[in-house]
Amino acid sequence: MTATPPIPQPSEKKKLSKKTKRIILIIVAAVIFLCAIIDLISTSTPSGKATATANAAATIAAKPTETPIPTETPIPTETTIPTEVSRCVPASQIQFDNILQGVQSVQASNYIKTAWAVKSEDFVNVWMVSAYVYGPSMEDGFGPGIWAMNGNPDEEGITLAVDGTADEFTQYPYGPDTDFEIDQFSDGAQEAKQCAEKNK
């Protein structure tokens with residue numbers, strides 16, 4: 001029978017060499033892992049955050065602020081405001097005398113100084129005439145009162161008292177109670193009154 005040659009066994013020196021390599025690899029890996037953990041911890045600490053915040057603030061402060069460009073304010077142009085054409089005219093002599101006779105028929109010492117007329121558009125050929133009444137204890141004038149007169153200004157016509165003042169100081173029929181129903185709100189009445197106020 002032929003003898004089986006012995007199987008060669010690895011030497012102890014080779015076994016120790018492989019173990020040493022493994023230990024070195026493990027140590028290197030552990031060192032790398034430890035360094036990574038230390039770096040992660042350092043960036044997540046408050047001091048690290050404060051540094052990052054300070055850097056961000058410095059970056060913001062370094063940016064130049066934008067100065068708003070002033071816009072030009074348009075210069076207002078002058079606009080021509082049309083002046084209102086007044087319908088008011090000085091009363092005719094007949095219109096003036098009708099009011100004067102009316103106030104003196106109630107009190108002889110009463111009188112008027114001026115009267116102003118506006119042609120009403122609510123009636124055919126009717127004029128609204130307004131005047132202040134003067135007399136004892138009425139040195140500054142009372143009213144003004146408003147009267148209505150039909151017809152042309154230079155012709156005699158019907159005279160009516162339109163408001164309370166005219167009705168109080170003259171004996172002319174009170175317009176609102178007549179068939180004409182002329183009152184202080186008829187067209188031209190208030191305009192004649194305002195004209196008398198302005199030209200007192």
Side-chain angles (χ1 to χ4, degrees), residues 60-61 63-200:
I60 294 172
K63 292 182 179 180
T65 57
E66 296 182 358
T67 303
I69 301 174
T71 56
E72 294 184 359
T73 304
I75 300 174
T77 57
E78 294 184 0
T79 55
T80 303
I81 302 174
T83 57
E84 183 180 353
V85 178
S86 176
R87 297 159 57 196
C88 183
V89 295
S92 67
Q93 189 62 50
I94 290 179
Q95 291 171 336
F96 180 91
D97 291 342
N98 283 341
I99 298 176
L100 179 61
Q101 292 170 8
V103 297
Q104 289 182 340
S105 66
V106 173
Q107 178 65 43
S109 57
N110 290 345
Y111 61 96
I112 63 173
K113 294 181 179 180
T114 59
W116 298 86
V118 173
K119 189 172 184 179
S120 177
E121 295 181 355
D122 287 346
F123 308 95
V124 178
N125 206 18
V126 171
W127 290 78
M128 300 294 185
V129 186
S130 182
Y132 280 92
V133 179
Y134 296 86
S137 301
M138 296 187 297
E139 288 77 10
D140 293 332
F142 188 86
I146 308 171
W147 291 263
M149 302 178 191
N150 75 325
N152 295 325
D154 296 330
E155 297 177 358
E156 291 288 347
I158 299 173
T159 302
L160 301 175
V162 172
D163 66 351
T165 300
D167 186 50
E168 179 182 355
F169 287 93
T170 61
Q171 293 181 345
Y172 292 122
Y174 188 46
D177 294 340
T178 66
D179 294 337
F180 302 105
E181 296 182 349
I182 300 177
D183 59 24
Q184 60 181 326
F185 302 108
S186 298
D187 178 70
Q190 291 302 314
E191 189 170 349
K193 182 177 181 179
Q194 292 172 1
C195 193
E197 292 172 343
K198 292 179 181 178
N199 295 277
K200 183 179 178 182

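The shown structure was predicted, so the numbers you read here are calculated from the model rather than taken from an experiment.
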Derivation of the side chain to side chain contact (heavy atoms under 4.5 Å, CB included) call for Y132 and E197: CA-CA 8 Å; Y132 280 92; E197 292 172 343; 3.5 Å; yes

In chain order, what residues pass the side-chain hydrogen bond (donor to acceptor under 3.5 Å, both in side chains) check against [X], with sequence neighbours excluded?
{"X": "N152", "result": "N125, E155"}
{"X": "S186", "result": "D183"}
{"X": "D97", "result": "Q93"}

Closest non-hydrogen atom pair between Q184 and V162, with its separation: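 Taking every non-hydrogen atom into account, N-CG1, 3.3 Å.
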
Where D163 and P144 come nearest, the two heavy atoms and their spacing: OD2-O, 3.7 Å

Pairwise side-chain hydrogen bond (donor to acceptor under 3.5 Å, both in side chains) hits with a residue in residues 101-114, at least two apart: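 Passing the test, one end in residues 101-114: Q107-S109.
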
Sequence neighbours excluded - side-chain hydrogen bond (donor to acceptor under 3.5 Å, both in side chains) pairs with any residue from residues 135-148: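 Checked against side-chain hydrogen bond (donor to acceptor under 3.5 Å, both in side chains) - neighbours excluded - the pairs reaching residues 135-148 are W147-T170.
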
P173: side chain to side chain contact (heavy atoms under 4.5 Å, CB included) partners, not counting sequence neighbours: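 Checked P173 against side chain to side chain contact (heavy atoms under 4.5 Å, CB included); matches are L160, T178.
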
So which pairs with a foot in [range] pass disulfide (SG to SG under 2.5 Å), sequence neighbours left out?
{"range": "residues 142-179", "answer": "none"}
{"range": "residues 90-139", "answer": "none"}
{"range": "residues 124-200", "answer": "C88-C195"}
{"range": "residues 141-175", "answer": "none"}

Nearest-0.5 Å distance, [atom1] of residue [X] to [atom2] of residue [Y]:
{"X": "Q190", "Y": "M128", "atom1": "CD", "atom2": "CE", "value": "10.0 Å"}
{"X": "I99", "Y": "I146", "atom1": "CD1", "atom2": "CD1", "value": "10.5 Å"}
{"X": "E121", "Y": "K119", "atom1": "CD", "atom2": "NZ", "value": "9.5 Å"}
{"X": "W116", "Y": "E191", "atom1": "CH2", "atom2": "CD", "value": "12.5 Å"}

With sequence neighbours excluded, residues passing ring pair (Phe, Tyr, Trp, His ring centres under 6.0 Å) with F142: F169

By salt bridge (charged side-chain N to carboxylate O under 4.0 Å, His left out) - contacts of D177 (at least two apart): none

Residue pair [X] / [Y], side-chain heavy-atom distance below 4.5 Å:
{"X": "V118", "Y": "W127", "answer": "no"}
{"X": "E181", "Y": "P176", "answer": "no"}
{"X": "N98", "Y": "M149", "answer": "yes"}

N/O donor-acceptor pair under 3.5 Å between [X] side chain and [Y] backbone:
{"X": "S130", "Y": "G145", "answer": "yes"}
{"X": "S92", "Y": "P153", "answer": "yes"}
{"X": "N150", "Y": "I158", "answer": "yes"}

Check ion pair D187-R87 (N to O, under 4.0 angstrom): yes

